[in-house]
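Letters A, B, ... mirror the listed sequences (proteins, then strands); counts begin at 1. This one's a predicted model, so the numbers in the text were calculated from it and none came from an experiment. Every heavy atom of this structure was used, including side-chain atoms; hydrogens, water molecules and symmetry mates were not.
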Amino acid sequence: MNEYLVKLITTRLDQLGWPAERLQLSRPKSTENGDWSTNIAMVLARDLKRAPNQIAQEMMDGMELDTDIVEKFEIVNPGFINFFQSTNYLKSQLKLILDTGDTFGQNDTGKGLTAQVEFVSANPTGPLTVGHGRQTVLGDTIANILSWSGYAVTREYYFNNAGRQMRLLGESLKARYMELKGQSIALPDGGYEGEYLIDIAQDLLDKSPDLDNDTDINVYKEYAEKSIFAIIKTSLERIGVIHDVFYNERSLYDDGKIDEVLSLLRDKGLLYEKDGATWFKTSELGIEQDRVLVKSSGEPTYRLPDIAYHREKIARGFDLVVDIFGADHIDAYPDVLSALKVMGLKYEHINVVIHQFVTLLRSGEVVKMSTRKANFVTLDELIDEVGADVVRYFYIMRSASSHLNFDLDLAKRQTEENPVFYLQYAHARISSIFRRAKERGLEKDLSHADLSLLDEEYTVALINKALEFPEVVDHCRRSLEVHHLPGYLSELATALHKFYTEYKVIDLEQPALSQARLALLEAIQITLRNGLRILGISAPVQM
RNA sequence: GCUCCGGUAGCUCAGCUGGAUAGAGCAACGGAUUUCUAAUCCGUAGGUCACAGGUUCGAGCCCUGUCCGGAGUACCA
């Protein structure tokens, strides 16, 4: 109906010689104002220097509406044009849900296009924390949305297993290892104090008891990396996240990509040496101060490989690139983008989603955390405590730009207050009705159901709510804001529960109506299930 | 100081590129079950959309300034 009206109105506007670029249709909050509405007459009023009502009238006078789709329209002060859909249309859309089934909600916006979503990208220095968790679920859900929009999506994890931090990690493991052997060595300055390194040291000791102080530090480093990556991958798996590519920063050095960036920037006259370091004249690119790309020690800062990595992303030809960063990395990306820009690369298809921090609440108190120190809560512990479904839901129920309060008490509650169970219950409730219908000898017969019997108020409201699903998916895709989906699914669940309380589905006295309602519930369950699948949350048939 | 994010009901937050009477959940209070799962539904109450200006037919949304909270402002990542 949306597309139908857009096309129709655009044609009419062309006819009148009025601009159509600013045409938009929306679903009014109240059904009194129709199923779809446009404000185009008010938008045009200024340019045309005429009253909106008049414009609307002239527009509509010359328009022929297909009554099979639009039952009627009205022009309302100050100039809204409201359209009311026909029951036939509603019926056909419901049928569409049943016919498309598992693919209902998908669209082909990204058909034939590729997208890359880079997320998590935590270096293998420790288990994923609660903070990484938000990014993990956010990135995976965005990737799911893009898949549903037709993109061929690559989920990518970028990591660095070289450099100072990893050296510290190796040294920290060595200290733990020697400690277990009874030789106390102090942890290095700024080293990793987490207990997980003690466990890893124990493993290493079991496997290779003969290492000592003189053993090459790389042995410790590599063992730590391998072990920690195993832990990280297990955590990711537990919440259903699978990356397609683990991109090692190292390869950028091996393939000469780092040097290429340096020489490209040097050619542009944007590099200079000072105090033994190589500086990038970002101040000439609208950034407050210059940045160091190569330290006086000869090691690059993280910015240099980041630039090279993004140059590779562009070279790899993705049509859409999404980077997920925590708010603590907010300073990095303007440098990267401006470097890409001066190198003459197209970077407009690179999108950066920055999410704010996560605060864990227990009994109303903030749980204090700090990485590198021993006292952080890991993603694994969180999953242990509340389960993967709840973790996924809670992480994306708020917009990424808001701080997230993760209320552990609420998350743990297996009751009505928990929004995850509310959704899942709606799905299970439908399954339950199906089971009951079968017991009563009422076999679902979707192809013969007479959908025109579905005309009561809350039934129509429920169908309309389900029909919004593809629009919500598209909204999430356009904005890269996925929190709209859980919000929408809650509304859909509410509409379902409301329908349930108002009408009886299984009524042996009225088999035709029962069949129609079973078909309706089938469509609603499809919608709920598809939505939950995008969120990566299970859709139970019984609770 | 500068940059970024936020400030909307008691609490946690929605509010899609400015649109119709600002919404939801939780908490509070009151109701609904001989009935397909009450893990549900309905109702009541709750608002100076931080503040002050501006833009216009119309501003929670855009612009300017101020205040408050968070993050960043490294030759850490």
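As a whole-Å value, the separation of A:R46 CZ from B:G19 P is 14 Å. Computed from coordinates, the A:E502 CD to B:A38 P distance equals 14 Å when rounded to whole Å. Residue A:Y488 contributes atom OH, which lies 18 Å from atom C1' of B:G23 at whole-angstrom precision. A:R22 places its CZ atom 12 Å from the C1' atom of B:G19, with the value rounded to the nearest Å. The interatomic distance linking A:E299 (CD) with B:A74 (P) rounds to 19 Å, in whole Å.
B:A50 sits 15 Å from B:A22 when the P atoms are compared, rounded to a whole Å. Only the P atoms considered, B:G1 is 14 Å distant from B:G65, to the nearest whole Å. Comparing the P positions of B:A27 and B:C41 gives a spacing of 13 Å, expressed to the nearest Å. B:A20 and B:C11 have their P atoms separated by 26 Å, given to the nearest Å. Remark: the separation of the P atoms in B:U64 and B:C5 is 12 Å, to the nearest Å. Nucleotides B:A39 and B:U3 place their C1' atoms 46 Å apart, quoted to the nearest Å. Between B:C76 and B:G60, the distance separating the two C1' atoms is 40 Å to the nearest Å. The gap from the C1' atom of B:C51 to that of B:G58 amounts to 22 Å, rounded to the nearest Å.
Remark: B:U44 base-pairs with B:A28. Criterion, Watson-Crick or G-U wobble with two distances under 3.5 Å. Across all strands shown, B:G65 pairs with B:C51; the Watson-Crick or G-U wobble distances both stay below 3.5 Å. Shown here, B:C2 forms a base pair with B:G72; the pair counts as Watson-Crick or G-U wobble because both key distances fall under 3.5 Å. In this structure B:A14 sits in no base pair that meets the Watson-Crick or G-U test at under 3.5 Å.
Side-chain N/O atoms of A:K29 include none lying less than 4.0 angstrom from OP1 or OP2 on B:G19. Taking side-chain N and O atoms only, A:R164 has no distance below 4.0 Å to OP1 or OP2 of B:A77. Contact check, A:H484 against B:G15: a side-chain N or O comes under 4.0 Å of OP1 or OP2.
Residue order along RNA chain B, read from the 5' end via each residue's closest nucleotide, puts A:T494 first among A:A327 and A:T494. Where A:S296 and A:V76 each meet RNA chain B at their nearest nucleotide, the meeting point lying more 5' is that of A:V76.
Here A:Q542 lies in heavy-atom contact (under 4.0 Å) with a base. Residue contacts for A:Q24: at a heavy-atom cut-off of 4.0 Å it reaches a base atom on one of the strands shown. Residue-level contact check: A:K504 touches the bases, meaning some heavy atom is under 4.0 Å from a base atom. Note on A:D409: nothing from the nucleic acid sits closer than 4.0 angstrom, heavy atoms only. Across all strands shown, A:H329 has heavy atoms under 4.0 Å from base atoms, whether or not it also approaches the sugar-phosphate. Counting any heavy atom pair closer than 4.0 Å across all strands shown, A:A277 reaches a base atom. Looking at heavy-atom distances under 4.0 Å, A:Y500 makes contact with a base. Residue A:S479 is out of contact with every strand shown, counting any heavy-atom pair closer than 4.0 Å. Within the nucleic acid shown, A:D328 comes within 4.0 Å of at least one base atom, counting heavy atoms only. Residue A:E32 is in base contact, counting any heavy-atom pair closer than 4.0 Å across all strands shown. Contacts of A:D306 with the nucleic acid, taken as non-hydrogen atoms under 4.0 Å apart, are absent. Residue contacts shown for A:F499 are absent, as no nucleic acid heavy atom lies under 4.0 Å away.
Applying the 6.0 Å contact sphere to CD of A:E273 captures more than 12 heavy atoms from other residues, nucleotides or ligands. Under a cut-off of 6.0 angstrom, the local environment of CZ in A:R50 is crowded, with over 12 non-hydrogen atoms contributed by other residues, nucleotides or ligands.
With hydrogens and angles left out, the side-chain atoms of A:N351 and A:D323 include no donor and acceptor closer than 3.5 Å. Donor-acceptor pairing under 3.5 Å is lacking for the side chains of A:Q289 and A:T282. Side chain to side chain, A:Y395 and A:T141 fail the donor-acceptor criterion of an N or O pair below 3.5 Å. Counting only N and O atoms by type, the side chains of A:Y393 and A:N418 include no donor and acceptor under 3.5 Å apart.
Ion pair A:E171/A:K221 not flagged as a salt bridge, since none of the NZ, NE, NH1 or NH2 atoms sits closer than 4.0 Å to an Asp/Glu carboxylate oxygen.
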Generate the contact string for nucleotides 2-13 of chain B. Rules: B means base contact, S means sugar-phosphate contact only, - means no protein heavy atom under 4.0 Å. S-SSS-----BS
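In the set B:A77, B:A20, B:C42, the nucleotide with an atom closest to the side chain of A:N33 is B:A20. Across B:G19, B:A74, B:C42, the shortest atom-to-atom separation from the side chain of A:K498 is found for B:C42. Distances were taken from every side-chain heavy atom of A:N39 (C-beta onward) to each of B:A77, B:U40, B:G19; the shortest belongs to B:G19. Of all nucleotides listed (B:A20, B:C76, B:G15), B:G15 comes nearest to the side chain of A:H483.
A cation-pi arrangement, defined by a distance under 6.0 Å to the six-membered ring centre and an angle within 45 degrees of its axis, is present between A:R429 and A:Y500. For the pair A:K444 and A:F434, the cation-pi criterion (under 6.0 Å, within 45° of the ring axis) is fulfilled.
For A:Y347 and A:H310, the ring centers are positioned 6.0 Å apart or more.
For the pair A:P305 and A:I258, the minimum side-chain heavy-atom distance is below 4.5 Å.
Taking 3.5 Å as the limit, the base of B:A24 and the side chain of A:S490 contain no donor-acceptor pair of atoms between them.
In this structure, the aromatic ring of A:F357 is not positioned over the six-membered ring of the base of B:A71 within 5.5 Å between centres and 30° between planes.
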